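Structure record follows, encoded as structure tokens.
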Amino acid sequence: MLDIKYIRENPEDVKKRLLTRGDTFGIDKVRELDEKRRALIKETESLKEERNRVSREIGKLKKEGKPAETLIKQMQQVAARIKRLDDEVARCEEALHSLLLEIPNLPHPDVPVGKDATENVVVRTHGEPPEFGFTPREHVALGEMLDIIDFERASKLSGARFSLMKREGALLERALINFMLDLHTSEHGYTEVFPPFMTRSDTFVGTGQLPKFKEDLFKIEAMEYYLVPTAEVPVTNIHREEILREEELPILYTAYTPCFRREAGSYGKETKGLIRVHQFNKVELVKFTTPESSYEELESLTSNAEEVLKRLGLHYRVVALCTGDLGFSAAKTYDIEVWLPSQGRYMEISSCSNFEDFQARRANIKYRPKGGGKPRFVHTLNGSGLAVGRTIVAILENFQTEDGSVIVPEVLRPYMRGLEKIEKKG
RNA sequence: GGAGGGUUAGCCUAAUUGGUAAGGCAGCGGUCUUGAAAACCGCCGGGCUUACGCCCUUGGGGGUUCGAGUCCCUCACCCUCCGCCA
């Protein structure tokens, strides 16, 4: 959520920056409601002052046994006016609030201006695409050939966009989760958490998925709960409605969760395989920082995610999203894209963002500055470190050999009983 | 699922029949001190205001009342007991 005070004082700057996302998102309407609200509040406050003052007098008179009927009559009128005005204020505030909840974050001034993904900017590239002396197979064929992914039976259970991992496939899934969590906790300083996989709707408002993106989520029918589409939701909301101490910042969390996504509006796109599914595993990185250090923390968070790919030996690049491709809550985002030999292109495997105080304002997460002073909103960040399913796609495709077997990256072998190669069974 | 008890500011704790949130700790600033502690003074939930001051704030929402921490309804969470359960 944007700061209403900032909008009031810098309306042109806000509009200009929002326009780089393609719209002004009703900022003029916001300003109109804000002014109306302030005028109404002024009026009710002076009436409330009168009511409080006279009510105290009435109390005094009653104590002294003196009559107060005239004043009480007067105050009945005043109370009625207050009620009418308060209702109007409430309606005004509700309208204003729901407008504000649907306005995306302001892009950071560094973010390249552009209309869509084609205008994202490559920041750096690591490694080289592997060379094959044969035509590389795509992951679906490899998974089925090796009998480690069973898409057919998965769809018997749950329909399209699900997977059934099997044998070395299931082991690889589990190995990757453990490898990533171990790396981030023991070398990058993150604290491991294991959150609930379904949460109340207000946590989704806190991180920005609700109210605007309801159609992306799975809702629990029995209760007002949703399945998490990313660990960002439960983990960022750990500190909702809290005031942290500056001394404990930055707070770094890493969490494994499954992620559940409706993928509405992507019918017909990548219907097969592990790339776009309704349920996938992900290890997430989440940070709470001061405003002064959040952009440094974004760089280190991104490099923490990159380290996973480096150790696996996968070729990738980092791109800075342009304004038109930026997610709703983000001020700045780096996507990490891994090389996909079968398609000769890069595929998003991590998205690392600084939300500045956008989520903190929605979720009311503050910190008390060192040496006292008023609480300020923290800055929140998160990034995938990494999406496990897509990492499996990359491993299968990049480390395949001509006979269809797949070399297991060395760093994963301790997590896979020393297995060096996934081979076709007799 | 059933019964009962609770939620007051960062933390802890008060508030006669309803009369407008009292105090302590922690923290910050100051006096004093070689320095520190102690003691003393001030600040110490949010908003508006140049200022004086005003409004809001007792888990959330609603109601009764001139006036609600206090009475009523409702929701959430915590604790205890019973039932059920991996």
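These numbers were taken from a predicted model, which means no experiment stands behind them. Chain A is the first sequence line, chain B the second, and so forth, proteins listed ahead of strands; every chain is numbered from 1. Side chains included, hydrogens not; waters and symmetry mates left out as well; all remaining heavy atoms used.
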Span that lies between the P atom of A22(B) and that of C44(B), in whole angstrom: 12 Å

Do the two ring centres, one from Phe260(A) and one from Phe218(A), sit under 6.0 Å apart? no

Applying a 4.0 Å non-hydrogen cut-off, can you work out what Arg245(A) is touching in the nucleic acid: base, sugar-phosphate, or nothing? nothing

Roughly how far apart, to the nearest Å, are U70(B) and U20(B) at atom P? 14 Å

What's the gap between U58(B) and U13(B) when it is taken at their C1' atoms, as a whole Å value? 13 Å

When the C1' atoms of C72(B) and G18(B) are considered, how many whole Å apart are they? 13 Å

Side-chain N or O of Lys63(A) less than 4.0 angstrom from OP1 or OP2 on U17(B)? no

Taking the C1' atom of each, how far is U17(B) from G27(B), in whole Å? 40 Å

To check you understand the geometry: which heavy-atom pair defines the closest contact between Arg8(A) and Arg31(A), and what is its length? O-NH2, 4.5 Å

Might you list the N or O atoms of the protein lying below 3.5 Å from N or O atoms in nucleotides 62-67 of chain B, with each pair's distance?
| from | atom 1 | to | atom 2 | distance (Å) |
| --- | --- | --- | --- | --- |
| G63(B) | OP1 | Lys83(A) | NZ | 3.1 |
| C66(B) | OP1 | Gln76(A) | NE2 | 2.7 |
| C66(B) | O2' | Ser55(A) | OG | 3.1 |
| G67(B) | O4' | Ser55(A) | OG | 3.3 |

Heavy atoms of Glu102(A) and Ser98(A) approach each other most closely as CG-O, 3.3 Å

In the structure shown, which nucleotide is the Watson-Crick or G-U wobble counterpart of A14(B), with both distances under 3.5 Å? none

Rounded to the Å, how far apart are Glu241(A) CD and A76(B) C1'? 12 Å

Compare every heavy atom of Ala255(A) with every heavy atom of Val235(A), then report the nearest pair and how far apart it is. CG2-CB, 3.8 Å

Criterion salt bridge (charged side-chain N to carboxylate O under 4.0 Å, His left out) on Glu232(A) and Lys282(A), from CA distance to verdict: CA-CA 10 Å; Glu232(A) 165 191 355; Lys282(A) 181 155 63 72; over 6 Å; no

With respect to the phosphate group of G47(B), does any side-chain polar atom (N or O) of Arg38(A) fall under 4.0 Å of OP1 or OP2? no

Suppose you measure atom C1' in G10(B) against the same atom in C28(B); what distance do you get, rounded to whole Å? 13 Å

Starting from P on C48(B), measure out to CD on Glu45(A) and report it in whole angstrom. 10 Å

Hunt down the Watson-Crick or G-U wobble partner of U8(B), both distances under 3.5 Å, from any strand shown, or write none. none

Atom-to-atom span, CG of Asn364(A) to P of G10(B) - whole angstrom: 11 Å

Separation of atom CZ in Arg53(A) from atom P in C54(B), rounded to whole Å: 10 Å

Rounded distance in Å - CZ (Arg240(A)) to P (C77(B)): 12 Å

Report yes or no: does Arg311(A) contribute a side-chain atom to a donor-acceptor pair with the main-chain N or O of Pro409(A) at less than 3.5 Å? no

Side chain of Lys48(A): nearest nucleotide among C56(B), A76(B), G47(B)? C56(B)

Which residue is it: Leu309(A), Asn304(A), Thr302(A)? I am looking for the one with a side-chain contact (heavy atoms from CB on, under 4.5 Å) to Glu306(A). Thr302(A)

Between G2(B) and C54(B), how many Å separate the two C1' atoms, rounded to a whole number? 50 Å

Phosphate OP1/OP2 of C48(B) contacted by Lys5(A) side-chain N/O (<4.0 Å): yes

On a whole-Å scale, what distance lies between the C1' atoms belonging to U80(B) and A14(B)? 25 Å

